[in-house]
Amino acid sequence: MASYQTILVGTDGSPSSFRAVTAAAALASATDATLLLACAYLPMRERERAAAADALGELSYKVSGSTPADDALRAAREHAVAAGARKIELLAEEGDPVDALVSLAGRHGADLLVVGNRGLNSLAGRLLGSVPSAVSHRAGCDVLIVRTTSGR
């Protein structure tokens, strides 16, 4: 097995993605690698931001900008620590998930990119493409696709 120094794992805050985080964290722990937790986000349109501000008042910051991604990353850190990872960095990146993960892996010199398999077995994933499939074709490093769903 290759000795990985920097492992990047994508999360969107879903239970499925946290299973990929846990697997990546266990591997990072076993190899003493740095674990990069990454979450992509798209900026909120002005109309959506205004509606959220009206509906949420002073709590509207929770759904604007990178705040949802930051929240997902903090939750992912808890899973990573529980799985034994010691060196952890959080990365919120604006943009499409595939573009963000591939870009972050390159910029941070990741030698392993970990994603969950969600989307690979769905009709939409087969027709439109999925994050794990696209990442596996575009990444400049090893890719580990963790089975995070039943596949049925």
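Here, residue 1 is the first one in the sequence, and each next residue gets the next number. In this text, all values refer to a predicted model and were calculated from it rather than measured experimentally.
Checking L8, V143, T6, L27 one by one against L112, the side-chain contact (heavy atoms from CB on, under 4.5 Å) holds for a single residue, L27.
With sequence neighbours excluded, no residue forms a side-chain hydrogen bond (donor to acceptor under 3.5 Å, both in side chains) with D111. Partners of R138 according to the side-chain hydrogen bond (donor to acceptor under 3.5 Å, both in side chains) rule, which considers only residues two or more places apart in sequence or in another chain, are D99. A search for side-chain hydrogen bond (donor to acceptor under 3.5 Å, both in side chains) contacts involving S136 returns nothing, not counting sequence neighbours. The side-chain contact (heavy atoms from CB on, under 4.5 Å) check on A33 picks up I7, A28, T31, with sequence neighbours excluded.
Residue A20 comes nearest to V115 through the heavy atom pair CB-C, 4.1 Å, listed as atom of the first residue, atom of the second, then distance. When all heavy atoms of L35 and A24 are compared, the pair lying nearest together is CD1-CB, 3.9 Å. Of all non-hydrogen atoms in A92 and L73, the two that sit nearest each other are N-CD1, 3.7 Å. Nearest heavy atoms, V131 versus P97: CG2-CB, 4.0 Å. Residues P132 and G116 share a closest heavy-atom pair of CG-O, 3.1 Å. Among all heavy-atom pairs drawn from A76 and V21, the shortest one is O-CG1, 3.5 Å.
The CG atom of D12 lies 8.0 Å from the CZ atom of F18; values are rounded to the nearest 0.5 Å. With rounding to the nearest 0.5 angstrom, the CG atom of N117 is 6.5 Å from the OG atom of S16. Here Y41 contributes atom OH and E93 contributes atom CD; the two are 7.5 Å apart, rounded to the nearest 0.5 Å.
Counting heavy atoms from C-beta outward, L91 and H108 have side chains that approach closer than 4.5 Å. Put simply, the side chain of L113 reaches to within 4.5 Å of the side chain of L101, judged on heavy atoms.
Screening residues 80-101 for ring pair (Phe, Tyr, Trp, His ring centres under 6.0 Å), with sequence neighbours left out, gives no hits.
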Considering only distance and modelled atom types, tabulate donor-acceptor pairs under 3.5 Å from the side chains of residues 77-88, sequence neighbours left out.
{"from": "R86", "atom 1": "NH1", "to": "S29", "atom 2": "OG", "distance (Å)": "3.3"}
{"from": "R86", "atom 1": "NH1", "to": "G84", "atom 2": "O", "distance (Å)": "3.3"}
{"from": "R86", "atom 1": "NH2", "to": "S29", "atom 2": "O", "distance (Å)": "3.3"}
{"from": "R86", "atom 1": "NH2", "to": "D32", "atom 2": "OD1", "distance (Å)": "3.3"}
{"from": "K87", "atom 1": "NZ", "to": "D32", "atom 2": "O", "distance (Å)": "2.9"}

